[in-house]
**Student:** 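Got a structure for you, written out below as structure tokens; questions coming shortly.
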Amino acid sequence: MSTRLASGGRLIDRSKALEFSFNGKRLRGYSGDTLASALLAEDQMLLGRSFKYHRPRGLVASGAEEPNALVNLGTGARLEPNQRSTTTELFDGLTAASQNHWPSLDFDIGALNGLVAKFLPAGFYYKTFIHPRAAWKHLFEPVIRQSAGLGRAPVERDADRYEYFYAFCDLLVIGGGIAGLQAALVAGASGARVLVLEQTAHWGGRAPVDGVQIDGQPADDWINNAVQTLDGMENVTLRTRTMGAGVYDHGYVLADEKVADHTPGDGRPRHRLWRIRAGRIVTATGAIERPLAFAGNDVPGVMLASAMRDYAVNWAVSPGDRTVVVTNNDDAYRTAITLKQAGLAVPAVIDARAQADGALPQAARALGITVLTGTAVVGVKGGKRVSGVQLCPQAGEGGAVTQEIACEAIAMSGGWSPVVHLWSHCGGKLSWDEAAAMFRPDPARPPLGDDGTGFVFAAGSANGALMAGEVMGDATVAASAALQALGRPAGEAPVPEARSEAEAPLLPVWIMPQGAGPDLRMKMWLDYQNDVKVSDVQLAAREGYESVEHTKRYTTLGMATDQGKLSNINGLAALANALNAPIPQVGTTTFRPPYTPVPIGALAGEARGDIFQPLRRTPMHDWHAAHGVEWEPVGHWRRPYCYRQPDEATSAAVNREVLNTREKVGLLDASTLGKILVKGPDAGRFLDMLYTNMMSNLKPGKCRYGLMCSENGFLSDDGVVARIDEDTWLCHTTSGGADRIHAWMEDWLQCEWWDWKVYTANLTEQYAQIAVVGPKARAVLESLGGMDVCAESFKFMDWQDGALGGFPVRIFRISFSGELSYEIAVPASHGLALWEALHAAGQEFGMMPYGTEALHVMRAEKGFVMIGDETDGTVTPQDLNLNWAISKKKEDFLGKRGQQRSHLSAPDRWKLVGLETLDGSVLPDGAYAVAEGVNANGQRNMQGRVTSTYWSPTLRKGIAMGLVKHGPERMGEEIEFPKPDGSAVKARIVDPVFYDKEGEKQNV
Amino acid sequence: MSEPVSALGGAAYEGFCKVREIGPLGMLTLRGNIASQAIGKALKDVMGMDVPERRAILTEGGRSVAWMSPDELQLILPYAEAPAAVARLAEALAGVHALVVDVSDARAVFTVSGAGAREVLAKLCPVDLSPAAFGPGEIRRTRAAQTAAAIWMSGEAEVSLIAFRSVAGYVMGLLSTAAAPGGEVGVFA
Amino acid sequence: MLILTCPYCGVRAEEAELAPGGEAHLKRFGAGASDEDFEGYMFARKNPKGVHFERWRHAYGCGKWFLAARCTATLEVFGTYPAQTTRPPADLLAAIKAKRPQWEGIE
């Protein structure tokens, strides 16, 4: 059984015991444990089930590369699935549960899949479930969903908060092992601004575990000194628990800091997403050990040799009393030696190489460990836990077991792969190192920055400098090169001498034994999490998948949450073998960010709840909220849709607001309308280019409705323009169009007519704007007093400045409802006060506020178009019968040339008409009118569509506007609109002005 | 006439930094050839200050002049003085191609004060806010999360931020969240 | 996430502060233009793999449009310059040519 050793454990504090639970069982660990080390110390060998076959699985690794030991972590509002127990720091009260099994971890019905594994090879789902088509949705998928999958998605709202942090530095060092620390020391001494990130809670990486000596001292001493030195440098920032997630264009880096994962509920943000812009980057991200592909390599108890060493040295955890080591290199002997020195039994080291005479094998032999060279593992005994290992010659086919050794754990090592992810994210290329059998960064082909030179420098093991003796020099070179690229002289930092035992070359072993047949290959796992075996990759190759990217997707190799950190190299070696091609020719799949998963919460940062998006509020927002408002989002604005009285339905409220405005007086918050000031000697000329109609001849004191088109000729915005003085105009835009139109104006002024003397200012938010609308509107204004608003001195389409009831206002006499109407602009900080004053003054006249829906109904009753309803980016002003607003005199305006194109000027375009259902009902919004015949796809031909449709409380029937082919020439004709339920409704084509055609109501 | 009210009526929050909505504050946009003698003189007459250099903000006696773009300055002064300042500038610039307009009511102004003030902003703005890169006397137009903002160091440990009035509640939420206790980052301190 | 220096305010701006505006140095053809000229102005875009001239606006900064010469393949930025010109500055063209001898020039 796995257990805690009586002494040792460089990262744990035995004086601080912690309690936690796994699948409801109460367990104990120590401060400094990971969840994985604590589980292993409590003899929890079986931690999960695999994705496809539900095979029992235990820990394989000790860090970010762990594919198996994923858990549901936490509960309720702090539940998070698929958390790697190896990177989860233990804390008191931690709750974890295993995943992907039913009904229990020990007895899992899904494991039956394993019995039929022979019939579930790569591509099985693609091949099997394609026919009949309907069965996928109703039969296959529900069943598969039940049996597959990882953890449970949380259902409660996340209890934690998250945030970003924008950081800038000259040099970013990713990885806090000895290479990263040395690079930081070199850069720190140069005075450069340095940021150093380490994904774990500890500095130093693997060196202390591997027994590296630095300048004659244990690695830990040098590490402590280095961190202290760096801590003392003002230009250096150190962050642990911060994972460099992705490297992007021009030195942009995302890093995920686990601020409070290990202290949940302490009030700190759970994660902080660092958005870093670095001048140069040193990736000192280390290397990951590769598993060996032998039959049964996924039985719980088979672990990476380095991981086993980590558990023993860092956390004093023994994987079992008897451990067999299987390797193709010298490094794994360190594990044998470590375990032996901890008092555990190591019955044998199985070495695939013909010879093993290096310093480490010799040291192992000196400790009495048997070394079996030229030997392979041909089978692993045990189901939920290793009970023994079967051996055969590596050179053979594994036909006969030559020896069997009882053991509780197997440590495997297939060599090391540099972590090249961050080097590769932004285009850094790799080269294949034949001798070390690994891909390493190719310094001649780095990712390129904005100056066209490389901005990432790999250091230490991440650069393929795997031996301790090479690391410090390599890191110094990387940091110096990065500093040189930044134009900084390297600082004075000594290059320490790091030493560890010399290692003899490894033997690339991609399959064990070398000639293993199909039966064995079916049991050799490559990708543990996604259950991809050597046989699956070979099948893919046989079926013609020659590209590694295609093979990946067909077999799902490397597509699990671990993104193939353990499986990629072994998988592509298996593919290369099957294709009989050299490994570099097969190449690697693409390394994509993030390096390890980042919570969605961290990516969202602060943007949730009330600050999910920038809601825009008018000065009267709170008043609306206090008066029964129903909101309508208009861009980021919130506008009142209507104001409901107690127990009033929404539609009833809208109808009441329309009728009250038509019969008495209404009050509308129009503050969101765009208001752009355009000023200068060339302002008139400029506006004549922007609007389809003439604005330069508008008289000061007057207003004019205008249209703006894109260069394509399509209607883009509309609004009332007021001429303020000789060289100043105020342009009103739609609520959603203010920023867009202001930017559009600036674009033309800056990039096309930069010699025109025009300045603009977006004053949208400077003014609250309030429309007083209805027959009693004048009376309300008069009761406030201060301005002469009588019909003679304040005419329709005039504007005037003045003091209304003591408020400094600008009043526009314009109307979007067909009623007598004054739009009053007042500085926003007086907006609420004026609104309240108007509302109070209006009470004796029966005033009620109204919202956007009443506004829409009233404008539709009057046949006024609305940008976004009648227009959709393909509609011209001519389509809307707005020819009167298109100047014939002007030589040019934006959109004029576009409108001259044959398709836009064709006579059979759909044009605006009114539509009246024969039965008085409301046409469905967006409904299409069908015509005779069918098109090439067998669909009914169309002849028009509904663009606006409402119940008119004024006319007591449904009214609509629509675009209909030859519409204006077909008045009185009846056309048919099919409804979603299969029925159809008939409507008559009529004049779009339904109400007060002569405009008598607004001209009083 | 009513008393002018700022967007949030002086809302405040205290976390590891203090966040306050201040104002109303007088603010003028002046667009024109800011290198011209006419504008230099008008500014001197009305504000008593010179035209600031690129990205600079000059402050004297509670009034500021900030460089916003090559043809735009922002003038900050007491709210009540804004209309008169507009009039005086317009008069001084009669016949000159320039635009002077009162934008006091279109804005919301915040201060973040305390040792961690730079960090609060660095959670929201894609700007290097380290003391080495951003100091007093500079104004930076940028974004705070999803909305436009202009920021400057208005004190030793105080950052001022101008945003659009309509998003004042959003900005207050941003700053309060960023300044919440426990959110100290500890990089600039 | 590109980084481009705004030639107006001098800020080395994060892409988050910028808004893209497509190909630079288009010549506008308005009313009276031939179909071919108008089509070219509205729709024909270069989309090269290599040196490209683009419009960017420092939207969250000083609000100004500027132009950038950039390699669409490597994302190398050769330079940025004010938008009030119909042609890239000569020294920028020379610098690009020096870095990319194979480049055929702006036309």
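Chain letters run A, B, ... following the sequence lines, proteins first, then strands; residues in each count from 1.
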**Student:** Using heavy-atom distances under 4.5 Å, tell me whether C/F66 contacts chain A through its side chain, its backbone, both, or neither.
**Tutor:** neither
**Student:** First locate atom CZ of A/R277, then atom CZ of C/R12, and finally report the distance between them rounded to the nearest 0.5 Å.
**Tutor:** 7.5 Å
**Student:** Please identify, among C/M1, C/K64, C/R55, the residue contributing the most non-hydrogen atom pairs under 4.5 Å to chain A.
**Tutor:** C/M1
**Student:** Heavy-atom pairs under 4.5 Å with chain C are the metric here; pick the option from A/G898, A/G427, A/P447 that has the most.
**Tutor:** A/G898
**Student:** By a 4.5 Å heavy-atom criterion (distance strictly below it), what part of C/F43 contacts chain A: side chain, backbone, both, or neither?
**Tutor:** side chain
**Student:** Non-hydrogen atoms of chain A under 4.5 Å away: do they reach the side chain of C/M42, the backbone, both or neither?
**Tutor:** side chain
**Student:** With rounding to the nearest 0.5 angstrom, report the NE2 to SG distance, C/H25 to A/C751.
**Tutor:** 10.5 Å
**Student:** Measuring heavy-atom distances to chain A, does C/R70 have an atom under 4.5 Å in its side chain, in its backbone, in both, or in neither?
**Tutor:** neither
**Student:** Without swapping roles, check the side chain of A/D450 against the backbone of C/V77 for a donor-acceptor pair under 3.5 Å.
**Tutor:** no
**Student:** Tell me whether A/K888 at atom NZ has more than 12 heavy atoms from other residues, nucleotides or ligands lying less than 6.0 Å away.
**Tutor:** yes
**Student:** Assess whether side chain to side chain contact (heavy atoms under 4.5 Å, CB included) is satisfied between A/T453 and C/E76, documenting all intermediate values.
**Tutor:** CA-CA 8 Å; A/T453 67; C/E76 178 172 359; over 6 Å; no
**Student:** Under 4.5 Å heavy-atom distance to chain A, tell me which part of C/T5 shows up: side chain, backbone, both or neither.
**Tutor:** neither
**Student:** Examine whether an atom of C/K99 lies under 4.5 Å from a heavy atom of chain A, and if so say whether it belongs to the side chain, the backbone or both; otherwise answer neither.
**Tutor:** side chain
**Student:** Taking side chain as everything from C-beta outward and backbone as N, CA, C, O, which of these in A/F893 sits under 4.5 Å from a heavy atom of chain C? Side chain, backbone, both or neither.
**Tutor:** backbone
**Student:** Taking C/R28 for its side chain and A/E752 for its backbone only, find out whether a donor-acceptor pair lies under 3.5 Å.
**Tutor:** no
**Student:** For chain C, which candidate among A/E746, A/Q899, A/E891, A/R901 shows the most heavy-atom pairs at distances under 4.5 Å?
**Tutor:** A/R901
**Student:** Heavy-atom cut-off 4.5 Å, strictly under: side chain, backbone, both or neither for A/D755 against chain C?
**Tutor:** neither
**Student:** Which atoms of A/F168 are under 4.5 Å from chain C, going by heavy atoms: the side chain, the backbone, both sets, or neither?
**Tutor:** side chain
**Student:** Name the member of C/L26, C/L67, C/T85, C/L2 that forms the most heavy-atom pairs with chain A at distances under 4.5 Å.
**Tutor:** C/L2
**Student:** Could you walk me through whether A/Q900 and C/F38 pass the side chain to side chain contact (heavy atoms under 4.5 Å, CB included) check?
**Tutor:** CA-CA 11 Å; A/Q900 291 167 341; C/F38 185 69; over 6 Å; no
**Student:** Is it true that atom NZ of A/K757 has more than 12 heavy atoms of other residues, nucleotides or ligands lying nearer than 6.0 Å?
**Tutor:** no
**Student:** Is a side-chain donor or acceptor of A/H250 paired with a backbone partner of C/L75 at a separation under 3.5 angstrom?
**Tutor:** yes
**Student:** Can A/R897 and C/D35 be counted as an ion pair, charged N to O under 4.0 angstrom?
**Tutor:** yes
**Student:** Do the side-chain N and O atoms of C/Y41 and A/E711 include a donor-acceptor pair separated by under 3.5 angstrom?
**Tutor:** yes
**Student:** Within this structure, what is the OH-CD distance for the pair A/Y252 and C/E14, rounded to the nearest 0.5 Å?
**Tutor:** 6.5 Å
**Student:** Check whether C/R100 gets within reach of chain A through its side chain, its backbone, both or neither, counting any heavy atom under 4.5 Å.
**Tutor:** neither
**Student:** Taking C/Q84 for its side chain and A/W754 for its backbone only, find out whether a donor-acceptor pair lies under 3.5 Å.
**Tutor:** no
**Student:** Is it the case that over 12 heavy atoms from other parts of the model lie below 6.0 angstrom from the NZ atom of A/K890?
**Tutor:** yes
